[in-house]
Amino acid sequence: MRIYDSVQKIKREFIPQEEGKATLYVCGPTVYDNAHLGHAKSALVFDLLTRILRANGLNVTYARNITDIDDKIIKKAREQKKDIKEITDFFTEAFHKEMSSLGVSRPTIEPKATESLEAMFTLIQKLIDNGHAYKTQDGDVYFDTASDSEYLKLSARVQEDEDRQERVESSSLKKNPADFAMWKSVKDGSLTFTSPFGEGRPGWHLECSAMIEKHLACENNEFSVDIHGGGADLLFPHHENEAAQTRCGSSHTLANYWMHNGFVNINGEKMSKSLGNSFFLKDALKQYDGEVLRFYLLSTHYRSNFNFNTEDLTTAKKRLDKIYRLKKRLFGLAENSDTTSFQTELLTALSDDMNVSTALALIEDMLSTANETLDTAGKHKLLKRETISNLTYIENILGFGVQNPFEYFQFGVDEATKEKLATLIQQRDEAKKEKNFEASDKLRDTILACGVSLMDTPQGTFWEKI
RNA sequence: GGUGCCAUCGCCAAGUGGUAAGGCCGUAGCCUGCAAAGCUACUAUCCCCAGUUCAAAUCUGGGUGGCACCUCCA
């Protein structure tokens with residue numbers, strides 16, 4: 001397995017600290033709003049990574065946190081006059097449901113900030129004790145960036161000129177403009193926690209560091225985790241700060257490998273609140289099959305920026321359709337787990353920094369070979385066995401083709417329409433039997449007008465929603 | 001302004017020193033009552049210029065054009 005390390009900026013052979021095991025930590029959502037396509041991309045990328053690592057025989061512990069303490073959550077709760085927990089529970093549940101629609105497996109553990117406060121206190125205290133953090137008159141606790149000679153090395157950033165920073169941080173009691181809060185003193189009562197440092201809330205960067213130490217780090221290892229992942233925007237300041245806290249407050253270096261996924265843009269524009277063009281997953285899932293979205297979002301390299309548009313989504317669906325059409329041809333045949341050279345090649349491609357493009361090329365080659373052989377020698381038993389095994393392998397490692405192939409093609413069609421279609425198809429079949437092609441073609445046109453395409457096969461007439 | 005990334009067929013997109021994968025679209029054909037689906041065939045020398053090399057889309061320098069981060073963000 002080779003992984004592009006976005007800190008060293010090279011592809012590196014993945015060697016876990018403990019043989020046969022891998023630990024992965026990914027920054028998860030702050031649960032104050034609906035998940036958008038960017039959250040989906042990140043979750044999908046690391047879901048795929050986990051599957052590939054496991055296919056390579058590793059026992060993976062994958063942690064993705066839920067940030068349920070945050071200023072934006074409080075703001076939302078105030079606006080909607082709701083309890084904080086009501087907000088966070090609602091969006092956490094929605095997140096899980098939407099991820100499930102995309103075929104994203106649940107991480108091994110999903111730590112919540114609210115459940116990891118003790119670990120945060122411990123880390124802050126350690127940093128205060130060893131001189132890497134300080135408390136201000138206001139009761140805030142800041143990380144002292146000047147005390148860490150390694151600071152900014154992770155994101156390869158140079159110290160910024162003071163003019164620039166002072167504009168942002170004019171009214172602070174910080175020693176240094178770059179210092180960041182680990183504990184924010186809050187006295188107005190909303191979502192505060194009692195800590196050894198007073199009433200307040202933890203800083204966002206701290207949450208991740210503390211949760212990693214609590215759930216994943218192993219005392220004797222050099223690194224807290226093997227791989228740390230997240231969106232490309234998190235490298236600075238979030239990951240830089242996390243790394244500083246862990247470096248100075250524990251016996252570990254935070255991560256051995258860093259992976260950052262590219263951004264999702266919408267029709268060439270950055271998706272953002274201010275532009276008002278966020279594409280929420282819940283809206284996308286109303287229009288499109290979650291698996292189509294999965295296929296589309298995973299079909300280009302995870303590090304590239306992704307430009308979401310409906311034309312390319314349609315193309316992605318056509319590619320996924322081909323997998324399902326072959327599944328239809330082999331429907332009902334017994335499963336088996338033959339290992340084939342195709343599977344080895346597929347895993348090799350995916351193990352090269354998740355080269356999905358090459359993997360898809362291999363899949364499409366396998367599909368056309370299988371179709372060709374079925375066309376010319378329909379009773380080829382070994383080929384059928386191997387093809388079924390290959391399709392199952394694709395399902396497991398990529399999560400493509402997991403549905404019933406007939407139901408897949410009926411996405412978004414209600415029961416009443418299905419019954420109507422069944423009747424029309426039956427009428428058409430009868431007309432065909434009587435060689436009344438004028439009538440049968442007319443019925444087909446009627447069906448086509450409903451956005452449904454017909455296919456006559458030796459097994460009968462099948463339909464697909466276009 | 002600082003830092004970094006990118007530029008491959010009409011569109012999407014791999015390949016990062018050894019002579020351009022794949023998909024969509026398109027054209028022709030096979031199959032079909034006709035279709036649909038499936039199959040077969042056909043379509044680029046890699047933004048520009050210079051250099052290194054036996055050999056470059058792949059390395060170096062320059063140019064042009066995109067984009068991202070530097071502030072909460074996946």
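In this text, all values refer to a predicted model and were calculated from it rather than measured experimentally. Note that these values count all heavy atoms, side chains included, but never hydrogens, waters or copies made by symmetry. Throughout, protein chains are lettered first and strands after them, A, B, ... in sequence-line order, and every chain is numbered starting at 1.
Picking from B/A36, B/C24, B/A74 the nucleotide with the shortest atom distance to the side chain of A/Ser453 gives B/A36. Of the candidate nucleotides B/C69, B/C72, B/G38, B/G38 has the atom nearest to the side chain of A/Asp375. Among the nucleotides B/A74, B/C24, B/U40, the one closest to the side chain of A/Thr315 is B/C24. Counting only heavy atoms from C-beta on, A/Asp233 has its side chain closest to B/C69 among B/G33, B/C69, B/G22.
For A/Lys432 and B/C34, the shortest distance from a side-chain N or O to OP1 or OP2 is not below 4.0 Å. The shortest distance between the side-chain N/O atoms of A/Ser304 and the OP1/OP2 oxygens of B/A14 is below 4.0 Å. Between A/Asn305 and B/A68, a side-chain N or O to OP1/OP2 separation shorter than 4.0 Å is absent. Under 4.0 angstrom from either OP1 or OP2 of B/C24 there lies no side-chain N or O belonging to A/Lys317.
Both the sub-6.0 Å distance and the 45° axial angle are satisfied by A/Arg303 relative to the ring of A/Tyr4.
Among the protein residues, A/Leu234 comes within range of the sugar-phosphate backbone only, with heavy atoms under 4.0 Å from sugar or phosphate atoms but none that close to a base. Within 4.0 Å of A/Asp441, counting heavy atoms only, lies at least one base atom of the nucleic acid. Among the heavy atoms of the strands lying under 4.0 Å from A/Arg325 are primed sugar atoms or P, OP1, OP2 only; no base atom is included. Counting non-hydrogen atoms under 4.0 angstrom, A/His260 reaches nothing in the nucleic acid. The residue A/Asn265 sits apart from the nucleic acid: no heavy atom pair falls under 4.0 Å. Residue A/Lys328 is out of contact with every strand shown, counting any heavy-atom pair closer than 4.0 Å. When heavy atoms are screened at a 4.0 angstrom cut-off, A/Ser42 is found touching the sugar-phosphate backbone but no base atom. At a threshold of 4.0 angstrom between heavy atoms, the contacts of A/Val26 with the nucleic acid are absent. Note on A/Gly38: a base of the nucleic acid sits closer than 4.0 angstrom, heavy atoms only.
Between A/His239 and A/His260, the distance separating the two ring centers is shorter than 6.0 angstrom.
Centre separation under 5.5 Å together with a plane angle under 30° does not hold for the ring of A/Phe263 and the six-membered base ring of B/A68, so they are not marked as stacked.
With salt bridges taken as basic N to acidic carboxylate O contacts below 4.0 Å, none links A/Asp70 and A/Arg201.
Nucleotides B/A20 and B/U58 are separated by 14 Å at their P atoms, to the nearest Å. As rounded to the nearest Å, B/A14 and B/C6 have C1' atoms that lie 15 Å from one another. Using atom P as the reference point in both B/A41 and B/G33, the two lie 25 Å apart (nearest Å).
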Just distance, no hydrogens or angles: give the donor-acceptor pairs under 3.5 Å from side chains in residues 435-443 of chain A, sequence neighbours left out.
from, atom 1, to, atom 2, distance (Å)
A/Asn436, OD1, A/Ala439, N, 3.2
A/Ser440, OG, A/Phe437, O, 3.1

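In this pair, A/Phe406 and A/Phe331 present their aromatic rings perpendicular. The plane angle is above 60°, beyond the 30 to 60° band.
Position along RNA chain B of the nearest nucleotide to A/Thr369 versus A/Ser155 favours A/Ser155 as the more 5'-ward residue.
In this model, a side-chain donor or acceptor of A/Arg444 finds a partner on the base of B/A35 within 3.5 Å.
Nucleotide B/A28 forms a pair with B/U40, judged by Watson-Crick or G-U wobble geometry with both contacts under 3.5 Å.
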